[in-house]
J.: 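Below is one structure. I have some questions about it.
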Amino acid sequence: MKLQTQIPLQKAEKRIDYSSQLLLLGSCFAENIGNKLAHYQFQQLQNPFGILFHPLAITNLILNAIEGREYSEKEIFFHKERWHSFEAHSSLSAPSKEKVLLQLNKGIVKTKAQLQNATHIVISLGTAWIYRHLQSNSTVVNCHKVAQSAFVKELLTVTEITNSLEQLMDAVKKVNPKAIVLFTISPVRHLKDGFIENQRSKAHLIAAVHEVTKNANAFYFPAYEIMMDELRDYRFYETDMIHPNSLAIDYIWQKFREHWISEDGYPIMDQVHTVQNGLDHKAFNEASEEHQAFLKSLEAKITYLKKAYPFMSFEIKG
C-alpha cells in the first residue's frame, strides 16, 4: 500500500563532491541547504548579502559582483539608529556605516571569487513579489522597516523573471562557462502576501525557471513540490504553519543528497558527521580518563580529515 505520492527525480550527471566549490544564493531555503553542506564541511559560500527573496535581487548581486562594484556612503542610509542598504538583507545592517560598507564590499569580493571558481551555483527563489522604492524607482532586497508609503508593491511577470534569470545565466557563463546552475523554489509560503497571491507568485517563479532550465548547465530541484506533495501534512511545519520544520528540512536534504551529491563522498560525510556530533558532546566529567580518551580519539579523526581535506575546519570545545 502506498501512503505517499513521490516526486520522480533523476540523479544528476555532474554531482557535488568534496572537490566541488559551491555558491548558494536566495531565500532562507538556500541557507537550510547551505547549513547542511557546511555541517558536512563542503566548500561553500552562502548568501554573502544575506537572504535574497526575489530573482531581481539575486541577479543584481551577481552582476554587481562580476563588475566588481564598490559601495560608497551615498548608497547606504540611516534609519532607526542603524545604517542599511536597500540591496542587502538587514543582517548586514549595523550602527556603524563603516561596518556596513565593509560588509557590502567584502561580500562583493567573496561573491566574485566564488562565482569564478564555482562548480555548482544553487539559486533558491522565494517570491515573485517585489517592493519598488518610489524615490529611486529601484527594487529593494529589504524595506528595513521604512514606511510602506515609500514603496509600491508589484508582482513580477513570468517574462520579467525569465529575462532576469537568463541575464543571470549569461553573466555566469561569461566568467565560468562550466558552472552548473541549480534552481529551486523555496517551500516556504509567503502568506503575508495572501494565500492566492502566494500561489500566483510561486506559479510565476516555476514557469520562469521552466523556461530557463531549457538551457545547458541549468537544472531544477523540486523542493517546493516535495514539500507540497510528499510532505502534505502540518506535522512537517513549524508552529507558524508556514516554515518547514527540521524533519521536513532533513527529508528534503536527503532527497538532495541522493540526487545531487556523489556517492563517493558518503563515507567522508559519515566521518565528518561523527566528528561534528563529537564536538557537540558535553561531558559529565571533563577531567575523567574516559573523556580525555574520547578527546584524543576525536582529535585523531580531525587530524585525518584535515590532512586529506585541508579546507575543513573543526574546533574542539572541550
Side-chain angles (χ1 to χ4, degrees), residues 4-9 24-34 46-47 50-61 89 121-132 139-143 151-169 181-215 218-238 240-245 247-249 251-253 255-256 259-260:
Q4 184 189 49
T5 50
Q6 297 280 325
I7 305 294
L9 292 170
L24 298 100
L25 299 172
S27 73
C28 50
F29 183 70
E31 301 204 335
N32 293 148
I33 294 297
Q46 58 171 293
N47 277 345
I51 294 170
L52 306 174
F53 291 106
H54 63 78
L56 301 190
I58 300 168
T59 298
N60 186 55
L61 172 57
H89 187 262
I121 301 169
V122 181
I123 305 290
S124 177
L125 304 173
T127 182
W129 286 101
I130 62 167
Y131 286 89
R132 186 177 299 279
T139 59
V140 302
V141 167
N142 195 292
C143 295
F151 308 93
V152 61
K153 185 177 179 180
E154 301 173 0
L155 179 65
L156 294 171
T157 66
V158 174
T159 300
E160 287 173 325
I161 299 168
T162 303
N163 290 341
S164 176
L165 297 181
E166 286 180 343
Q167 189 179 17
L168 180 156
M169 290 293 299
V181 181
L182 177 58
F183 291 99
T184 188
I185 308 299
S186 170
V188 178
R189 295 173 298 156
H190 290 242
L191 296 186
K192 287 184 179 179
D193 294 322
F195 284 83
I196 296 171
E197 289 80 2
N198 171 71
Q199 290 297 86
R200 287 175 182 156
S201 167
K202 298 292 188 185
H204 284 202
L205 295 174
I206 292 167
V209 169
H210 173 71
E211 292 300 318
V212 176
T213 50
K214 292 177 182 178
N215 299 329
F219 299 88
Y220 182 61
F221 176 72
Y224 178 74
E225 291 79 358
I226 292 171
M227 190 72 201
M228 293 299 108
D229 209 290
E230 294 190 23
L231 304 179
R232 50 166 61 211
D233 190 307
Y234 278 108
R235 66 188 161 133
F236 297 112
Y237 286 84
E238 294 286 4
D240 63 5
M241 301 296 149
I242 295 173
H243 289 82
N245 62 18
L247 181 60
I249 292 168
Y251 183 92
I252 297 173
W253 160 254
K255 294 281 187 177
F256 183 88
H259 296 89
W260 274 97

J.: What is the minimum heavy-atom distance between A30 and Q46, and which atoms define it?
T.: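 Taking every non-hydrogen atom into account, O-OE1, 4.4 Å.
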J.: Could you tell me whether a side-chain N or O of S201 sits under 3.5 Å from a main-chain N or O of A128, the two making a donor and an acceptor?
T.: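 Judged by distance alone, yes, a pair lies under 3.5 Å.
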J.: With a 4.5 Å limit on heavy-atom distance, are the side chains of L182 and I123 in contact?
T.: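 Heavy-atom side-chain distance check fails, nothing below 4.5 Å.
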J.: Could you tell me the separation between the CD1 atom of I249 and the CD atom of E31, rounded to the nearest 0.5 Å?
T.: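 Rounded to the nearest 0.5 Å, the CD1-CD separation comes out at 11.0 Å.
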J.: What pair of heavy atoms forms the shortest contact from H54 to V140, and how long is it?
T.: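 Looks like NE2-O, 3.0 Å.
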J.: Grab the two heavy atoms, one from S27 and one from N47, that are nearest each other, plus how far apart they are.
T.: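 Heavy atoms of S27 and N47 come nearest at O-ND2, 4.0 Å.
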J.: Any salt bridge (Lys or Arg N to Asp or Glu O under 4.0 Å) involving residues 122-132? Give me the pairs, sequence neighbours left out, ordered by first then second residue.
T.: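 The answer is R132-E154.
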J.: CG of D229 to CD1 of I226: how many Å apart, nearest 0.5 Å?
T.: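 With rounding to 0.5 Å, CG (D229) is 10.0 Å from CD1 (I226).
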J.: Any heavy-atom pair between the side chains of I242 and E238 that's under 4.5 Å?
T.: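 They are not in contact (no side-chain heavy atoms under 4.5 Å apart), so the answer is no.
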J.: How would you list, by chain and number, every residue that makes a ring pair (Phe, Tyr, Trp, His ring centres under 6.0 Å) with F195, sequence neighbours excluded?
T.: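 Here no residue qualifies.
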J.: Between T59 and S164, what is the shortest heavy-atom contact and its length?
T.: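 Closest heavy-atom pair between T59 and S164: OG1-OG, 2.9 Å.
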J.: Which heavy atom of F183 sits nearest to which heavy atom of T213, and what is that distance?
T.: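 Closest pair (atom of F183, atom of T213, distance): CD1-CG2, 4.1 Å.
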J.: Please identify which of these residues, S186, C28, P187, meets the side chain to side chain contact (heavy atoms under 4.5 Å, CB included) condition with P244.
T.: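 Among S186, C28, P187, the one meeting side chain to side chain contact (heavy atoms under 4.5 Å, CB included) with P244 is P187.
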J.: For P55 and I161, which heavy atoms make the closest approach, and how far apart are they?
T.: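 Of all heavy-atom pairs spanning P55 and I161, the closest is CG-CG2, 3.9 Å.
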J.: How about F29 and M227: do any of their side-chain heavy atoms sit closer than 4.5 Å?
T.: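 The answer is no; the side chains never approach within 4.5 Å.
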J.: Taking C-beta and beyond as the side chain, do W129 and L155 meet within less than 4.5 Å on heavy atoms?
T.: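 Yes, side chains in contact.
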J.: Can you list every pair that meets salt bridge (Lys or Arg N to Asp or Glu O under 4.0 Å) and has a residue in residues 185-194, with sequence neighbours left out?
T.: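 Listed by first then second residue: K153-D193.
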J.: Are the side chains of L165 and L125 in contact, using a 4.5 Å heavy-atom criterion?
T.: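 With C-beta onward as the side chain, the pair touches.
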J.: Are any of the side-chain heavy atoms of V122 and I33 separated by less than 4.5 Å?
T.: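 Result no, sub-4.5 Å side-chain heavy-atom pair not found.
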J.: Report yes or no: does N163 contribute a side-chain atom to a donor-acceptor pair with the main-chain N or O of E160 at less than 3.5 Å?
T.: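 Side chain of N163 to backbone of E160: no pair is present.
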J.: Would a 4.5 Å heavy-atom cut-off, applied to side chains only, mark L52 and H89 as touching?
T.: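 Counting from C-beta outward, L52 and H89 never come under 4.5 Å.
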J.: Considering residues at least two apart in sequence or located in another chain, which fulfil the salt bridge (charged side-chain N to carboxylate O under 4.0 Å, His left out) criterion with E230?
T.: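 If we apply the salt bridge (charged side-chain N to carboxylate O under 4.0 Å, His left out) test to E230, skipping adjacent residues, the hits are K255.
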J.: Working to the nearest 0.5 angstrom, can you tell me the gap between H259 NE2 and L9 CG?
T.: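 So the NE2 of H259 and the CG of L9 are separated by 4.5 Å.
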J.: Name every donor-acceptor pair, under 3.5 Å, that has one atom in a side chain of residues 203-210 and the other anywhere in the protein, sequence neighbours excluded.
T.:
from	atom 1	to	atom 2	distance (Å)
H204	ND1	L156	O	2.8

J.: Once you round to the nearest 0.5 Å, how far does OG1 of T184 lie from CZ of F219?
T.: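 Going from OG1 on T184 over to CZ on F219, the span is 14.5 Å.
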J.: What's the spacing between Q199 CD and K202 NZ if we round to 0.5 Å?
T.: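 Those atoms lie 9.0 Å apart.
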J.: What I'd like to find out is whether the side chain of W260 reaches to under 4.5 Å of the side chain of F221, using heavy atoms alone.
T.: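 Touching, per the 4.5 Å side-chain cut-off.
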J.: Looking at G26, is its backbone amide N or carbonyl O close enough to the side chain of S124 to form a donor-acceptor pair, meaning the two atoms are under 3.5 Å apart?
T.: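 No: the side chain of S124 does not pair with the backbone of G26.
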J.: According to the interplanar angle, ranging from 0 to 90°, do the rings of F256 and W253 count as parallel (below 30°), tilted (30 to 60°) or perpendicular (above 60°)?
T.: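 The arrangement is parallel - the two ring planes meet at less than 30°.
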J.: Please round to the nearest 0.5 Å and tell me the distance separating atom CD of Q167 and atom CG of N60.
T.: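 The CG atom of N60 is 9.0 Å from CD of Q167, to the nearest 0.5 Å.
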J.: Partners of H190 by ring pair (Phe, Tyr, Trp, His ring centres under 6.0 Å), sequence neighbours excluded?
T.: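 By the ring pair (Phe, Tyr, Trp, His ring centres under 6.0 Å) rule, H190 matches F53.
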